[in-house]
Structures are given as structure tokens and as C-alpha cells.
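Heavy atoms only: backbone and side chains are in, while hydrogens, waters and symmetry mates are out. This one's a predicted model, so the numbers in the text were calculated from it and none came from an experiment.
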Amino acid sequence: MGLRLFNTLSRQEEQFTPITPGEVKLYTCGPTVYDVAHIGNFRTFVFEDLLRRYLAFRGFEITHVMNITDVDDKTIRDSMAEGTSLGDFTSAYKQAFFEDLKTLNIVPAHHYPAATEYIQPMINMIQKLMDKGFAYQGDEGDVFFNIGQYPEYGRLTRINPDQMRPGERVSSDEYEKEGIRDFALWKAWKPEDGEVQWSSPWGKGRPGWHIECSAMSTTLLGNHFDIHCGGVDNMFPHHENEIAQSECTTGEPFVNYWMHAEFLLVDGRKMSKSLGNFYTLRQLVTDGYRPDAIRWMLMTTHYRQKLNFSVERLDDAIKAIERLRGFQARLEEWKSGTIGEADLGARAIMQFTEAMDQDLNISGGLAAVFELVREGNRLLDNGEMSHQMAGGVLEALNQINSVLGILDMSVENAAGLVDETTIQDLIEARKNARQALDFTRADALRAQLENLGIELIDTPAGTRWKRRNS
RNA sequence: GGCGUGGUGCCCAAGUGGUCUAAGGGAGUGGUUUGCAAAACCAUCAUUCGCCGGUUCGAAUCCGACCCACGCCUCCA
């Protein structure tokens, strides 16, 4: 069968066939660094991470590019309001973004091109579009793409430009456009842009938003590449415009597979500052929620399904994760040096793959994992698992985790950690008390650890401990 | 006005014509195990898939109407 992915272009699942066998060129739309990214942004980035990891699991060689939009209306507006330079302003948020990616255990892209570093390729592209007659300069200096010259416009979103209702808001540049849906490739400098400007054949100014993704993706991945991802809200107009610009510039097909992550909702509604249902990753972590639980929650609802976020659901996530961790710990204790055969593990991997091959059916994939957990625990309980087999099952579990990226995450909160020596000392004291059958003292020590946020699990092999779920 | 998505047990969530009297996780209930506990295991937990009608030998899955919720058409992931 092989991997099948839902392609927005065809609106159906398709067999995934890369342009170059065994290699995948992947482009994912990144953040605009004018603020700290919110949990909805990370829904998309976590989906892209799952895709990236699964492609790797399936043996593909991947080149992954994620752009950083560090010049646009908002970054200019807010940096000016703060009185800082655009560069200083955006680099702070850029850094915060990378920290957040790390918190969520997202595998870094191979390239993070920033828009301001690709001005020249963008200008080259716009020049080509001018030369070919796909673009024109308006009376006020802005350069626009003329969608009337591109009959295929609307192919991705199946929108007929003639039927579109123009937005309520009419910006000043509407007057110089030839077509209402034409979009800006280059924006002429205005006083409110301050010092932000680059010179171009069309006068000083800055690039439009859409052109950056076209220029950066084709520069780093080639004119024609495999997969382009983003949030559903980027389908129109952003991705539609990217296709138009890119294909008109290069004369080649742009992207084979378009994949879009659905929205994250909060209380059934789109997250917005005005509704007060706005979450950022760092705030949640500061409030004591575990990053692995947040990743789990963002990841385990299928990416084309709207996801209703709530902090209550994070508790469910922790339970599920702890079940996996508990199983992993048992296997670690029981395994021997040599890894034996493990049909159980092989079967789980097969079922996991079978599910994930169907457009990343994560629910099906997890069902396979939990079936492995139940069966494995049963064998361990009944003493029917050999040490070698435990090693094999553990190996399979870890392989699956290379896709999930959960079990290798830290579960510790930033706040008030008790150091391990103290914990070990108390556990040792309790062990001695138990051996002396002094259960009163043993229970007192358990309670003491409990107060420190430590839970104990007695096993035949000794006492395991873990920090209490936050 | 145009385009689009979803409604499955108490909660989350797969499944898109027969193997579904519906996977998996959480919660609940009963039991095994345990010094106690936790974890783990076993059993139980939707004759039913928003509502109505139709197609079919057969539908959660296809078609039509309706109800409800949500999104895009504004440089929002």
C-alpha cells in the first residue's frame, strides 16, 4: 500500500510518490515573529512535526524548510510602537519561537530562512513576473500580480475570483489595482514604514507577504517540490497566491501535495484575544501544565479535524502518557542485554504503520500502541515474557516513539523540584522500614514523599517513583 | 451571496457499503493482585452512530431534505 496523504489540490487521499524516489522536499509556513506564538499556531507545527517524523520513520530522506516572516505590517507597526528596530524586535520573538519548538520536542527544520534575508530572490522573481507580463506597477508604486493573466487561479481553493465578495475593508491601494483580487508583490515605501525599506527596480519599499514563501521555497527546495503545509486559513489567499506567482515565474509545476491543518478551537470557538480564550505555550507551562501533555493533546486529534482545546483534557493526556511510560519502565527493568525476537513488537509496528499510512491516522496508530501495552503488561504480569523479548518490545516501542516524540520529553515542571538524592534517601529509609515490618513508619515516609509531589510504585524489582502529574 | 468542515457511549476519538451486535484513551462499576497503596491485569460499559425519508439482499458508512455547531472569502496556523 504505502503512504497515502490527503491532498488539498484534489481533495482526496492520494498515494504519496516523491519527485525523487526516497527523498522528500518539505516546506512549511512558519510564524510571523511579532508576538509569542500561541497554542493554535503550535497545533499546525506539531502536525507538521508528526508528518516530518513519520516520513523519516518510513525511510525518506527529508529536506525541511520553515520560513520566518520577519517583515510585514504587524512587525513594522509593533516595532515602531516600541521604538525598537525591526531587527531587534523580531529577533526576540524569533528566539522565543525556537525555545517553544524545543519545549514541544519538535524536530528542527533544516533551514529557517528569514524574509529579510531573501529580498534579492524576491526581487528577481518579481522582475521575471514583470518581464512575462504577469505583474504591473500601480500609480502609487506598488507592484501587483495580475490574476487575470493566470486562468488557473483558484485551483487550490476552488474559488472563482469573479464570485468573490470583496472584503468590507477597502485599503487605499485598492484604487490603483486593475483587478480587485490582484495582490501585492512589492509595496512602495510609506511614511509609516519608517526605516524599513529596500531599494528595487520599482523604487524603495518592501516585499508583499506571499512572495517570500515562493522565493524561499524555490530557492532552497527547487522550483518543483513535494509537500507544502500550513494552516487551513492560509489556503486562501496565501497559498493560492503562492501557486500563481511561482508557476508563472518558473513555468513549472510548484508543489505536488498541499496539506492543511485544521483549526484549534477553545470552548468551541476560534481562539481570539477579544474572547479571552487565548493560550500561549509558555503561559500554560508556567501555570504548571506539562509540555508532553500539551504535545500529546495537539497531536492526537487527526490534523484535518477541528480540535477543541481545554486544560481539562490535558489530564487525560497525562494519564495516557503515564500508561506508556509505565510500560516502558517495566520493559527497561526486565530486558536483558541481548535483544530477542518480539513478534509482539513487530505486530504493533505493522499495525501502527498501517494506520499512519492512511493520511496519518494517529488514532488508529495509538490503538496499535495501546494494544501492545495491554498485551505486554499481561505477559509481564503472568511471567510469560522473556528478558530478550522485553528488549525487543522496548525496541519497537522506542521506534514508534521516534514518531510520537513523547516519551523522550521531560515531564518536569520548572517550579520547585526536589532533588533526587533526597528522594532516594527517603525511599531507602522506607525500604528499611518495610523490611523491618514497621509499616507505620513506611506509610509516614510515603506520605512525606507524597507531600513533595513524589508518587511511589512498588514492584518486585524494587520501588519506582515519579513526579506527580501536574 | 460563494466555498468548506463536523455532529459516534459520561468525556475524548477511530471507522466511510457486509469481518461494526462500532477500535483505542480517560472516567465509572465489579473482580484479581498488593502489608497498605499505586500500577498492572480480567470483566462490564453504544442492538447504536444529530433528525426524517430513500437507494440496497445489506448503511454509522451512499442519496435527498432538515436541525445544530464551527470555519474561510480581512497579510490569522
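- Listed candidates were B:C12, B:G4, B:C76. Nearest to the side chain of A:Arg313 is B:C12.
- Looking at heavy-atom distances under 4.0 Å, A:Gln305 makes contact with sugar-phosphate atoms alone, never a base.
- Considering only the side chain of A:Phe439, B:G35 comes nearest among B:G35, B:C72, B:C12.
- Here B:G6 presents its P atom at 20 Å from CZ of A:Arg269, a figure rounded to the nearest Å.
- In this entry B:G58 has no Watson-Crick or G-U wobble partner, no candidate having both defining distances under 3.5 Å.
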query = Can you check side-chain hydrogen bond (donor to acceptor under 3.5 Å, both in side chains) on A:Tyr27 and A:Asp226, steps first, answer last?
reply = CA-CA 8 Å; A:Tyr27 185 89; A:Asp226 298 294; over 6 Å; no
Under 3.5 Å, side-chain donor or acceptor atoms of residues 96-104 of chain A against the rest of the protein: list the pairs with distances, not counting sequence neighbours.
residue: A:Glu99; atom: OE1; partner: A:Arg282; partner atom: NH2; Å: 3.2
residue: A:Glu99; atom: OE2; partner: A:Gln95; partner atom: NE2; Å: 3.4
residue: A:Asp100; atom: OD1; partner: A:Arg282; partner atom: NE; Å: 3.1
residue: A:Asp100; atom: OD1; partner: A:Arg282; partner atom: NH2; Å: 2.9
residue: A:Thr103; atom: OG1; partner: A:Glu99; partner atom: O; Å: 3.0

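- Computed from coordinates, the A:Asp381 CG to B:A43 C1' distance equals 15 Å when rounded to whole Å.
- Side-chain contact annotation: A:Thr28 with A:His64, donor-acceptor N/O pair under 3.5 Å present.
- Comparing the P positions of B:G2 and B:U8 gives an interatomic distance of 28 Å, to the nearest angstrom.
- Taking atom CG on A:Leu380 and atom P on B:C42, their separation rounds to 12 Å, with Å as the unit.
- Partners of A:Phe370 by ring pair (Phe, Tyr, Trp, His ring centres under 6.0 Å), not counting sequence neighbours: none found.
- The nearest heavy atom of RNA chain B to A:Ala261 and to A:Arg464 marks one nucleotide each, and the one closer to the 5' end goes with A:Arg464.
- Judged by distance alone, with hydrogens and angles left aside, A:Arg446 brings a side-chain donor or acceptor within reach of the base of B:A37, the pair sitting under 3.5 Å.
- Put simply, the side chain of A:His38 gets close to the backbone of A:Gly40: a donor and an acceptor are under 3.5 Å apart.
- Distance, A:Asp438 CG to B:G35 P: 16 Å, rounded to whole Å.
- The nucleotide whose nearest atom lies closest to any side-chain atom of A:Leu265 is, among B:C36, B:C41, B:C70, B:C70.
- With both ends at atom P, the span from B:U32 to B:U48 equals 34 Å, rounded to whole Å.
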ask   = Does the side-chain hydrogen bond (donor to acceptor under 3.5 Å, both in side chains) test come out yes or no for A:Tyr303 and A:Asp359, once each step is laid out?
value = CA-CA 9 Å; A:Tyr303 75 94; A:Asp359 194 36; 2.6 Å; yes
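- The distance from atom NE2 of A:His239 to atom C1' of B:C3 is 17 Å, rounded to the nearest whole Å.
- Between B:C49 and B:G9, the distance separating the two P atoms is 10 Å to the nearest Å.
- A salt bridge is absent between A:Glu375 and A:Arg347: the closest approach of a Lys/Arg side-chain nitrogen to an acidic carboxylate oxygen does not fall below 4.0 angstrom.
- The nearest whole Å value for the distance from the NE2 atom in A:His238 to the C1' atom in B:C73 is 16 Å.
- None of A:Phe144, A:Trp202, A:Phe145, A:Trp186 except one satisfies the ring pair (Phe, Tyr, Trp, His ring centres under 6.0 Å) rule with A:Tyr136; the exception is A:Phe144.
- When both distances must be under 3.5 Å, the Watson-Crick or G-U wobble mate of B:C36 does not exist.
- Ion pair A:Lys270/A:Asp233 not flagged as a salt bridge, since none of the NZ, NE, NH1 or NH2 atoms sits closer than 4.0 Å to an Asp/Glu carboxylate oxygen.
- When the nucleotides B:A40, B:G35, B:A77 are ranked by their closest atom to the side chain of A:His38, B:A77 comes out on top.
- Residue A:Asn41 places at least one side-chain N or O closer than 4.0 Å to OP1 or OP2 of B:A77.
- Spacing of P atoms, B:C45 relative to B:A23, comes out at 11 Å, to the nearest Å.
- Nucleic acid contact for A:Arg330: sugar-phosphate only, since backbone atoms but no base atoms lie under 4.0 Å from a heavy atom of the residue.
- With sequence neighbours left out, A:Thr69 forms a side chain to side chain contact (heavy atoms under 4.5 Å, CB included) with A:Thr32, A:Asn67, A:Asp72, A:Trp209, A:Glu212.
- Annotation for A:Trp334: atom CH2 does not count as buried by contact number, only 12 or fewer foreign heavy atoms lying within 6.0 Å.
- Atom name P, nucleotides B:C42 and B:A27: the rounded distance is 16 Å, in whole Å.
- Taking atom P on both nucleotides, B:A37 is separated from B:C52 by 49 Å, rounded to a whole Å.
- Remark: B:G71 base-pairs with B:C3; criterion is Watson-Crick or G-U wobble with both hydrogen-bond distances under 3.5 Å.
- In this structure, A:Asn234 atom CG and B:A77 atom P are separated by 7 Å, rounded to whole Å.
- A:Lys74 places its NZ atom 6 Å from the P atom of B:A77, with the value rounded to the nearest Å.
- Between the side chain of A:Lys270 and the base of B:C70, no donor-acceptor pair of N or O atoms lies under 3.5 Å.
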Check: protein-nucleotides 15-17 of chain B nitrogen or oxygen pairs below 3.5 Å:
residue: B:G15; atom: OP1; partner: A:Asn361; partner atom: ND2; Å: 3.4

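- Comparing the C1' positions of B:A39 and B:G50 gives a spacing of 40 Å, expressed to the nearest Å.
- Between A:His210 and A:His238, the angle of the ring planes lies from 30° to 60°, which puts this pair in the tilted group.
- In this structure, A:Trp258 and A:His260 have parallel ring planes: the angle between them is below the 30° cut-off, well short of the 60° mark.
- Nucleotides B:C11 and B:U47 have their P atoms positioned 14 Å apart, rounded to a whole Å.
- A distance-only check finds no donor-acceptor pair linking the side chain of A:Asp316 to the backbone of A:Arg313 [under 3.5 Å].
- Across all strands shown, B:C45 has no partner, as no Watson-Crick or G-U wobble contact with both distances under 3.5 Å is found.
- By the 4.0 Å N-to-carboxylate-O rule, A:Arg330 lies close enough to A:Asp381 to be salt-bridged with it.
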inquiry  = Strictly under 4.0 angstrom, non-hydrogen atoms only: write out the protein contact profile of nucleotides 20-29 of chain B, one letter per nucleotide from the 5' end, B, S or -.
reply    = ---BSBSS--
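- Applying the Watson-Crick and G-U wobble criteria (two distances, each under 3.5 Å), B:G64 pairs with B:C52.
- Using a 4.0 Å heavy-atom criterion, one finds that A:Asp443 contacts the bases of the nucleic acid, with or without backbone contacts as well.
- Annotation: of the two residues near RNA chain B, A:Arg158 and A:Met271, the 5′-most nearest-nucleotide partner is A:Arg158.
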Sort me out a list of protein N/O and nucleotides 30-33 of chain B N/O pairs below 3.5 Å, or just none if empty.
none

